[in-house]
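Structure, as structure tokens:
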Amino acid sequence: MAKAEAGDLRPGWLSRLAEEHARVFFFSLGKLWQNPVGALLTALVIGITLALPAGLHVLIGNVDKLSYSWEGAAQSSLFLKDSVTEERGRDLAREIEARPGVARTGYISRQQALDEFRKLSGFGDALDLLGDNPLPAVITVTPLRKQTREQVAALTDELAHLPEVDRAKLDQKWLERLYAILDFLQRGVAVVAALLGIAVIITVGNTIRLDIQARREEIVVMKLIGAPDSFIRRPFLYTGFWYGLSGSVVALLFVLAGLAALTEPVRNLAGLYESDFSLAGPSFLAVLEMFGAGILLGWLGAFLTVSRQLGKIEPR
Amino acid sequence: MTDIIHFHDVSHRYPGGHDVLTHVSFSVKQGEMVFLTGASGAGKSTILRLIALLARATRGEVLMQGRNLRQLKPREIPAYRQRLGLVFQDFNLLNDRTVFDNVALPLIIRGHSYRDVGRQVRAALDQVDLLDKEKVHPLFLSGGEQQRVGIARAVVTKPELLLADEPTGNLDPQMAQEVMRIFARFNEVGVSVLVATHAIDLIKAMPYRIVHLEHGRISMRTPIGAHHLGDTQHG
Ligand SMILES: Nc1ncnc2c1ncn2[C@@H]1O[C@H](COP(=O)(O)OP(=O)(O)O)[C@@H](O)[C@H]1O
Ligand SMILES: [Mg+2]
């Protein structure tokens, strides 16, 4: 009798496996549905855990975007040779302002520079001891907003070669500093995300451990009638999948709600600076990544726990 | 023909205990039905556990169709158990699933298609006369009905060997006789059956061979072809 069966098992095994996966897919969802409050709480915890790094990531993305729009505001400073008269200096500033790509220029005479320095540095009278004013006159050049960083750099380079100009400096230090800070923050978020990822694994793992304990007898019966570990494991893996998926949905809702709450204040703030900057939501790819990470972590938490727990349940 | 089950000088002790089986040798022929009898604690369940590989014999060899069970690797055990049908004293049904789903489980484990599952489950339920109960949950059934569900689950895969451990232990005498008759019916169509029971009165009129255990030793066996115990003594 058994012989007739063996032949029966061969054809269509792939479709049968798909059928089995579909069955477990809905079976595990039904199991969660039997305890909706518990499932919801778990999804909520996972959601909050995922929302934190995801939200930070979105915010940093926005600062990054904002810094791009600031990039155009980078100034270059042209330090004039001491031999250049103030009159010639002011003329030169006007000439440069007429160039394409330049929004406006300003002229700071040697005396103005000294006064400003005196005020800012607090050295005050001590500077008088130097006798001669050591500061050069400066022309500040503000490029048009739409100019790229490279274009501004090329312009600065060109201006540096004017006969009146001693030295030119592209004033982007603060931008570079911002990028460094953003980079640092991004790494920080990555570390936080890794830690919270472990937290998700532990959360799902613990939930599933309790689940396994509650269904211990069922597992024993399955082992007795010859279910391989892969079969027993499958519904729990799908449970982990559902936790990861629902947690990701919760996290997305949290992130969107947080952005919505920040939209108005950010617009007001940007208005004060005459900027039309507004907060951008997470990109489709970012959402996809978050869901991928959530599902993977849920699955992993389930896999690690089930593998450990199954080994402890007799019969082996 | 090879024996479906052959015990060769098997002794067994559980970790930290004394020998619960000592030098046990016996066999069950292909297509044969055998009763394993003995008082409580004699070692009946242990023998079934060794066959189902719920424990490994500490000494001696257990062979299934000539294959030494000692050679089976852990990952081969599930597939091996799928060749057996197990029936338990306390039924071991999953009470949160319907009768149909309980009986379907071994087929699903083996990866049968849905069409196949439906057909075979109904055939098995028909054989234990429970076709009208397929949508019921086990706890709404009588003990006898639950045990018939257990038997349907054990036979639905058409196992090579049916193992039953005190299958009538929780049933009233009438139900118990009915259950034994069901085993006999399966045996008539060729299934090898090994039933452990201490209910001698229930089986002594039945035409099957008996292997009797006392304190882990085989104290008596009726010869093949002997149709009842006659005047031999037993405990
Ligand atoms: N898991 C176990 N660990 C230790 N001793 C056990 C275990 N199972 C059974 N025994 C002992 O083995 C002996 C035989 O038990 P068992 O095979 O269950 O007998 P029976 O089924 O005939 O009543 C008994 O003395 C029992 O106490
Ligand atoms: Mg027993």
Name the option with the most non-hydrogen atom pairs under 4.5 Å to chain B; the candidates are A:Gly226, A:Pro228, A:Ser15, A:Pro315. A:Gly226
Are any side-chain N or O atoms of B:Arg81 and backbone N or O atoms of A:Ala227, one a donor and one an acceptor, separated by less than 3.5 Å? no
Check: B:Tyr114 main-chain N/O paired with A:Glu19 side-chain donor or acceptor under 3.5 Å: yes
Beyond-backbone contact of B:Asn92 with A:Val220, side-chain heavy atoms, under 4.5 angstrom: no
Within a reach of under 6.0 Å around CG of B:Asp129, are more than 12 heavy atoms found that belong to other residues, nucleotides or ligands? no
With a 4.5 Å cut-off on side-chain heavy atoms, are A:Val221 and B:Phe88 touching? no
Hey, is NE2 on B:His137 packed in by over 12 heavy atoms from elsewhere, all under 6.0 Å? yes
Between B:Leu94 and A:Glu218, the two heavy atoms sitting closest are CD2-CA, 3.6 Å
Do A:Arg215 and B:Asp96 sit within salt-bridge range, that is, some charged N less than 4.0 Å from a carboxylate O? no
Just checking B:Glu76: does its CD atom have more than 12 heavy atoms from other residues, nucleotides or ligands closer to it than 6.0 angstrom? yes
side-chain contact (heavy atoms from CB on, under 4.5 Å) between B:Leu54 and A:Leu224, intermediate numbers included: CA-CA 8 Å; B:Leu54 304 176; A:Leu224 285 175; 3.5 Å; yes
Taking NE2 in A:His57 as the centre, count heavy atoms belonging to other residues, nucleotides or ligands within less than 6.0 Å. Is the count above 12? no
Is it true that atom OH of B:Tyr14 has more than 12 heavy atoms of other residues, nucleotides or ligands lying nearer than 6.0 Å? yes
Value rounded to 0.5 Å, distance of CD1 in B:Ile109 from CD1 in A:Ile232: 7.5 Å
Engaged part of B:Arg75 at the chain A interface, taking heavy atoms whose separation is under 4.5 Å: neither
Above 12 or not: heavy atoms from other molecules or residues under 6.0 Å from CZ of B:Arg115? no
Can you tell me how far the CG atom of B:Leu105 sits from the CZ atom of A:Phe231, to the nearest 0.5 Å? 5.5 Å
Does atom CZ of A:Arg308 have more than 12 heavy-atom neighbours from other groups under 6.0 Å away? no
Portion of B:Arg83 that has a non-hydrogen atom of chain A nearer than 4.5 angstrom: neither
